[in-house]
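Some notes on the structure that comes next.
Throughout, protein chains are lettered first and strands after them, A, B, ... in sequence-line order, and every chain is numbered starting at 1.
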There are 2 protein chains.
Amino acid sequence: MTRGLTSAERALATLRDLIMGGELAPGARLGEVELAERLGVSRTPVREALSRLAAEGLVEIAPNRGARVATWTVAELEGVFDLRSVLEPQLTAHAVPNATAADVDELDDLARRMHEVGTPGPRQELDALVPLNRAFHDRLVALAAHPTLATALAAAIHPPIVRRNFLTYDEASLRRSLAHHGEIVAALRAGDPEWARAVMTSHIANARAVMVRAARVQTADQVAPREESA
Amino acid sequence: MTRGLTSAERALATLRDLIMGGELAPGARLGEVELAERLGVSRTPVREALSRLAAEGLVEIAPNRGARVATWTVAELEGVFDLRSVLEPQLTAHAVPNATAADVDELDDLARRMHEVGTPGPRQELDALVPLNRAFHDRLVALAAHPTLATALAAAIHPPIVRRNFLTYDEASLRRSLAHHGEIVAALRAGDPEWARAVMTSHIANARAVMVRAARVQTADQVAPREESA
DNA sequence: CAGCCCTACGTTGCATGCAATCGTGCGGGA
DNA sequence: TCCCGCACGATTGCATGCAACGTAGGGCTG
């Protein structure tokens, strides 16, 4: 359907998208039969997909008690940012020598567009920021050409966290974040890996502060473990 | 058998041990029926275990073509050490404030025993070094009390690499490595996370140099993709 | 004689069926 | 009234069977 791959692969990709896209909220129960019907396959590939997602940390499986979308405490969220705070700067530093002028121009373009739609004012469209931000960071990861680091980072990020909290930036933090993107472009253009590493470290620290604060207030209305959000 | 867990869990643990223990050499073919008979279960839990091991990076699965124990190039090995070079120092720094005097004493004991059996001379027993080293590092990981970092590190380490190359230290590198352990204990006792972080960074860099060199020479006699070694 | 196709085997991928386990609601006893 | 025990329903865990894919070998054709 989606591609010529196996059913298990499609189930894996679909479930990942559903979780990362927020359609399956953290804590939502993942019944095998329900998912199998929803995806039009049998329980076997669903089980395999759930298993792999559990290995990735996106779902939690309790033996004989089924799977749920993974939840996390504030402490775990801080742990994730702790991890990012060492991985992403390292990745960024690796990207510097690999970036061509064209690459830098593309990143520059992304940074400028994020600045446009992100700056507070009449033209602000925070929703447009999410895909641009993702594109920017993905581009950096690709430039680093470092599969091991990239895999570790992908496993760590737990995209739902990022996604759910991305719109909670206060104005000052958002301005800092936008400025960081521009500065990373500058560091790339200058070919200075240590500069790039330092900016990315700041970038993550800034995001960490925002998201931990947002998670703290969110835990209040997460008392009832709702089933689904879609 | 092993425990009261599910068959899939046992298959997973068993396969992991077989791979990490070196009984299944990198590149060895992993037929589902063969493994199922060997483990006394059906193909289903074996498939699940293989899937999860693939997610962990220990095996590689080609669709419709089966699974093999993961192999790696020298570049990937360098990538792994790149990852460790940021993760393990961070973990060590986190361990510092959590270490009680008793913890430090235990680590000190391990470091001293490693020094005894590792120092070149009549009493040298390099084989005894492997479990001691592992105990030392595991203890540090536990002290860090940082599940996210610990998971990322465990996923990165690819123990077969470490295991296969551990006995290839030249004398100078080995002396440095043993000294690092003692110095980490000193940093813990002093309660200085930056000191501990710095020593661990050196420790990984030293190991990296040894293992990359060892891997380079090993690739020579790895031309023939042997099936199994046990 | 070389190259290609086609067939047959082995393996993986998936669906289905059955047994075991867990959660839950009800009834009996203290 | 409250608590413990029990049986029912629902769900997971695993085994088996069948279909699809990949691979290797032999025969045919140019």
Separation of C:dG13 P from A:Arg10 CZ (nearest whole Å): 14 Å
Protein-nucleotide distance (B:Leu50, atom CG; C:dT12, atom C1'), rounded to Å: 11 Å
Which of D:dA15, D:dG13, C:dT12 is nearest the side chain of B:Glu32? It is C:dT12
If each of B:Arg43 and B:Glu48 is mapped to the nucleotide of DNA chain D with the nearest heavy atom, which maps nearer the 5' terminus, i.e. the 5' end? B:Glu48
Here the distance between atom P of C:dT12 and atom CD of B:Glu60, to the nearest Å, is 16 Å
Does A:Arg29 pair with A:Glu34 as a salt bridge, N-O distance under 4.0 Å? no
Would you indicate which nucleotide in C:dC14, D:dG22, D:dG13 comes nearest to any side-chain atom of B:Asn64? D:dG22
Of the nucleotides C:dC14, D:dG13, D:dT16, which has the atom closest to the B:Ser42 side chain? D:dT16
Are B:Asp82 and A:His146 linked by a side-chain donor-acceptor pair shorter than 3.5 Å? yes
Of the candidates D:dC14, D:dG22, C:dT12, the side chain of B:Arg29 sits closest to C:dT12
Which nucleotide in D:dT12, C:dA15, C:dG13 has an atom nearest any side-chain atom of A:Arg47: D:dT12
Quick one: B:Leu30 CG to C:dG13 P, roughly how many Å, whole number? 13 Å
To the nearest Å, how far apart are A:Glu37 CD and C:dT16 P? 11 Å
How close do B:Ser177 and B:His203 get, heavy atom to heavy atom, and via which atoms? OG-CE1, 3.1 Å
Give A:Thr44 one of three labels, base, sugar-phosphate or nothing, depending on what nucleic acid heavy atoms sit under 4.0 Å from its own. base
Show the nearest heavy-atom pair for residues B:Leu188 and B:Ala99, with the distance to one decimal. CD2-CB, 4.1 Å
With the side chain defined as heavy atoms from C-beta on, B:Pro45 is closest, among C:dA15, D:dC14, C:dC22, to D:dC14
OP1 or OP2 of C:dT12 under 4.0 Å from side-chain N/O of B:Arg65: no
Using atom CZ of A:Arg68 as one end and atom C1' of C:dG23 as the other, report the distance to the nearest whole Å. 12 Å
Under 4.0 Å between a Lys/Arg side-chain N and an Asp/Glu carboxylate O for B:Glu60 and B:Arg65? no
